[in-house]
K.L.:
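Below is one structure. I have some questions about it.
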Amino acid sequence: MIAELGHYALVLALALALIQASVPMVGARLDDGILMGVAGPTALAQFAFVGVAFAALTACYVMSDFSVVNVFENSHSLKPLLYKVTGVWGNHEGSMLLWVLILAGFGALVAIFSGNLPEKLRANVLGVQAWIAAAFYLFILITSNPFLRLPDAPFEGRDLNPVLQDIGLAVHPPMLYLGYVGFSIAFAFAVAALIEGRIDAAWARWVRPWTLLAWIFLTLGIAMGSYWAYYELGWGGWWFWDPVENASLMPWLAGTALLHSALVMEKREALKVWTILLAILAFSLSLLGTFLVRSGVLTSVHTFASDPTRGVFILAILVFFIGGALALFAWRAPLLKKGGLFAPISREGALIVNNLFLVSTCATVFVGTLYPLALEALTGAKISVGAPFFNATFGPLFLVLLVAVPFGPLLAWKRGDLVGAAQRLTGAFVIALTGIAVTFAAEGGGPLLPPLGIGLGAFVIAGALTDLAERTAVFKAAPRVALARAVGLPRSAWGSVLAHLGLGVLLLGVIGETQWSAEKIAAMKPGETVTIRRYAVRFDGATTRQEANYRELVTQFTVRHNGEVIDTLQASKRTFPARASSTTEAALMSRGASQLYLSLGDVNPDGSVTVRIYHKPLVLLIWLAAVVMAAGGALSLSDRRLRVGAPKPAKRRASLQPAE
Amino acid sequence: MVWLRTWIVLLALTAPALAVQPDEVLTDARLETRARALSQELRCMVCQNQSIDDSDAPLARDLRILVRERLVAGNTDREVLDFLVERYGDFVLLKPPFNMRTALLWLLPPALVGLGLAILLVGAYRHRRPVAGAGALTAEERARLEKIINN
């Protein structure tokens with residue numbers, strides 16, 4: 001009964017989406033306020049009905065109703081409650097339901113927070129949102145219905161893929177989807193602007209918070225996925241240039257470019273056409289990501305749950321929305337008026353360079369991901385494009401971008417002074433050179449990449465702090481004045497400082513992990529010790545443990561540093577009888593930003609256990625950097641200017657003031 | 001040691017082995033470093049986007065051992081890669097070689113940056129010219145101005 005309710009609610013959501021996709025847009029065309037007014041309430045109702053559908057599926061999982069095919073295939077009555085709930089989206093059908101839930105959620109948010117939007121724009125934005133929603137409801141109902149029943153209910157389920165029985169599944173996909181789907185709003189705004197043929201600075205100001213929100217979630221989602229792969233897959237890698245990872249990186253790069261170009265548009269009314277194009281691209285790449293992951297066109301380590309037969313349907317959705325939006329763009333974009341002029345060396349110019357490199361890196365990832373597929377389809381020739389290719393192409397482009405990052409915020413709008421900016425970065429140059437020299441000396445020569453990388457990381461961090469120092473005049477004014485200026489600084493300024501600083505931190509972590517990691521592989525018997533760097537790791541012994549839905553081999557290790565016991569580690573291996581498969585649970589020990597990483601391999605016939613131990617210097621900085629960047633985004637999002645929305649007549653703004 | 005026996009049986013059936021096994025590791029540290037670096041460039045052909053360095057598959061293990069045998073026999077890195085390409089084709093390389101088939105793949109990123117920079121530079125040049133000849137408007141600009149005023 002519950003499953004049927006969920007199914008029915010989803011059908012009703014589709015019906016509402018169809019109404020929302022047509023009535024308000026016709027209203028906008030006819031300039032009919034009543035028809036346009038339909039958009040808001042239907043968006044809210046649509047969200048409510050998808051919510052009911054999602055709750056129904058969750059209820060089936062929690063109650064272990066194995067008469068529902070989806071629950072039978074992906075759950076087990078003995079599974080902990082948390083994984084019963086997260087298992088809802090640990091499979092194709094459920095994850096698509098989560099996707100539309102988030103889409104409808106964003107639609108509802110737009111409906112709630114768009115009071116200050118012009119009526120037509122609002123109607124068109126929600127209309128376009130509904131087109132996307134309707135397409136995906138149809139996709140779920142026709143090809144991926146999670147509510148199908150089995151004629152004879154089995155007594156037990158097949159259990160969830162053990163790799164997915166982890167807290168990572170509770171966080172990573174929802175975060176990632178919030179990011180992917182969040183870009184749909186920027187897309188809807190872009191298409192709505194093209195339909196109206198009118199776009200201005202206010203448009204950019206409305207789009208920016210939504211883009212920022214999506215960007216924050218996507219940043220955290222990607223970082224979370226990276227950390228999950230790091231500790232769960234057992235070989236200590238944190239980025240594999242896997243097509244599925246690339247699928248999330250591409251919208252991130254395009255979204256980052258969009259955030260920056262929308263800034264130019266908001267402040268200077270320039271780059272309008274380009275910003276619209278980026279808004280379309282960011283969501284198109286999100287759709288492409290969904291297609292790559294969900295269609296099974298690239299079966300990769302990530303694709304645990306997909307079905308190639310569905311590919312054609314998503315491909316049709318993809319072609320319709322991307323092709324439609326780009327066609328509309330080609331037709332209407334020439335109508336948009338050109339904005340403010342600026343000199344090449346200026347904040348605007350710097351942001352264009354930023355966009356050039358972000359889009360080029362994005363294109364590199366795009367080509368590298370899809371080229372092997374296209375080549376095989378066209379010529380039958382098979383080639384592999386893996387991590388070494390991306391390191392050789394994406395790497396240099398991104399490093400050049402990083403060199404430019406500190407200069408951008410120091411250039412003035414309209415006409416900047418590059419020499420002046422360089423002079424103000426003197427301190428940052430000194431810090432960078434010190435970083436290079438110290439690293440080089442500590443390495444005692446050797447390859448140049450680590451010292452240069454550390455120097456560049458230090459330069460980006462120091463550059464971000466220089467921007468802050470300039471704005472607060474901390475070295476010029478009295479401390480009290482500087483403090484007052486720091487407090488008075490717009491939060492978006494703090495946000496950009498943090499986000500740029502995060503990039504430098506990221507580079508330090510990447511250099512530390514890739515250049516200085518040490519690894520030991522050994523077959524250890526209880527009582528034996530392996531030394532890695534200055535740590536001595538002793539294998540104390542092993543025990544077994546029976547948990548509800550798996551058996552676990554738990555091994556104990558003692559870590560000594562200069563003869564002193566500093567920690568004990570527990571690495572384990574779990575075997576899940578329901579799926580006859582197993583997972584490794586690596587043991588992690590953090591010392592500062594560095595980690596000791598220990599994972600188990602085979603148990604050998606002679607009683608020894610194969611152990612892999614890594615020392616990974618600065619590795620934690622990689623994920624810390626993502627958190628810093630996301631925090632920067634959140635600060636920027638909380639900026640008053642974004643909450644107040646578009647510039648309004650002074651009278652109206654004054655009346656808003658006391659509520660602050 | 002009863003737990004151990006049950007575990008050996010259980011794990012033998014199901015567990016993925018770690019990628020590089022202790023018995024594969026060469027005693028010569030320099031050769032081993034080269035072997036690891038080479039392994040990261042080579043695809044495990046039965047896996048999805050995994051290097052033989054990361055993979056648990058038996059084929060990856062065979063290839064790792066093969067790479068080490070060639071290195072011990074005195075081959076250069078280039079010779080090892082050539083040997084494997086001859087056997088398995090370009091598919092085995094995670095970084096495809098530059099040739100007619102992959103030209104677009106390799107050239108597109110630098111071409112995009114170059115094209116972008118060229119457009120920006122041309123734009124900058126066009127922007128600067130009127131500033132240099134301050135005051136007088138060109139015919140083209142006068143026409144544009146007229147158009148703007150008439151609009």
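In what follows, chains carry the letters A, B, and so on, assigned in the order in which the sequence lines appear, proteins first and then strands, with residues in each chain numbered from 1.
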K.L.:
At a 4.5 Å cut-off on heavy atoms, which part of B/Leu115 comes close to chain A: side chain, backbone, both, or neither?
P.N.:
neither
K.L.:
Quick check on A/Ile383 against chain B: is it the side chain, the backbone, both or neither that has a heavy atom closer than 4.5 Å?
P.N.:
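Both backbone and side chain.
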K.L.:
Going by side chain to side chain contact (heavy atoms under 4.5 Å, CB included), name the residues that satisfy it together with B/Pro109, two or more places apart in sequence or in a different chain.
P.N.:
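By the side chain to side chain contact (heavy atoms under 4.5 Å, CB included) rule, B/Pro109 matches A/Thr364, A/Leu397.
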K.L.:
Can you tell which of B/Arg101, B/Gln40, B/Glu41, B/Met45 has the highest number of heavy-atom pairs within less than 4.5 Å of chain A?
P.N.:
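Most pairs with chain A among the choices: B/Arg101.
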K.L.:
Just so I understand: if I count every heavy-atom pair under 4.5 Å between each of B/Leu94, B/Asp23, B/Asp53, B/Val92 and chain A, which residue has the most?
P.N.:
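With the most close heavy-atom pairs to chain A, the winner is B/Leu94.
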K.L.:
How close do B/Pro22 and A/Ala523 get, heavy atom to heavy atom, and via which atoms?
P.N.:
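Residues B/Pro22 and A/Ala523, closest heavy atoms: CG-N, 3.7 Å.
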K.L.:
Checking B/Lys95 against A/Phe389: charged group under 6.0 Å from the ring centre and within 45 degrees of the axis?
P.N.:
no
K.L.:
Is the closest side-chain heavy-atom distance between B/Gln21 and A/Ile521 below 4.5 Å?
P.N.:
no
K.L.:
Going by residue number, which parts of residues 351-360 of chain A are within reach of chain B, meaning a heavy-atom gap below 4.5 Å?
P.N.:
A/Ile352, A/Val353, A/Leu356, A/Phe357, A/Ser360
K.L.:
Under 4.5 Å from any heavy atom of chain A, what part of B/Glu24 do you find: side chain, backbone, both or neither?
P.N.:
neither
K.L.:
Using non-hydrogen atoms only, which part of B/Thr102 is less than 4.5 Å away from chain A: side chain, backbone, both, or neither?
P.N.:
both
K.L.:
For B/Leu104, is it the side chain, the backbone, both or neither that has a heavy atom under 4.5 Å from a heavy atom of chain A?
P.N.:
both
K.L.:
Which atoms of B/Leu93 are under 4.5 Å from chain A, going by heavy atoms: the side chain, the backbone, both sets, or neither?
P.N.:
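The answer is the backbone of B/Leu93.
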K.L.:
Would one find more than 12 heavy atoms of other residues, nucleotides or ligands at under 6.0 Å from atom CD of B/Glu86?
P.N.:
no
K.L.:
With a 4.5 angstrom heavy-atom cut-off, could you sort out which part of B/Arg43 is near chain A: side chain, backbone, both or neither?
P.N.:
side chain
K.L.:
Going by heavy atoms in the side chains, are B/Trp106 and A/Thr393 under 4.5 Å from each other?
P.N.:
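Answer yes - side chains close enough.
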K.L.:
Shortest non-hydrogen contact from A/Gly368 to B/Leu105?
P.N.:
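Heavy atoms of A/Gly368 and B/Leu105 come nearest at CA-CD1, 3.9 Å.
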K.L.:
What's the separation between atom CH2 in A/Trp241 and atom OG in B/Ser51, rounded to the nearest 0.5 Å?
P.N.:
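With rounding to 0.5 Å, CH2 (A/Trp241) is 15.5 Å from OG (B/Ser51).
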K.L.:
Distance from A/Glu376 atom CD to B/Phe91 atom CZ, nearest 0.5 Å?
P.N.:
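Rounded to the nearest 0.5 Å, the CD-CZ separation comes out at 7.5 Å.
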K.L.:
Which heavy atom in A/Ser384 sits nearest to a heavy atom in B/Pro96, and how many Å separate them?
P.N.:
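Taking A/Ser384 first and B/Pro96 second, the nearest heavy atoms are O-CD, 3.2 Å.
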K.L.:
Any side-chain heavy atom of B/Val20 within less than 4.5 Å of one from A/Arg612?
P.N.:
yes
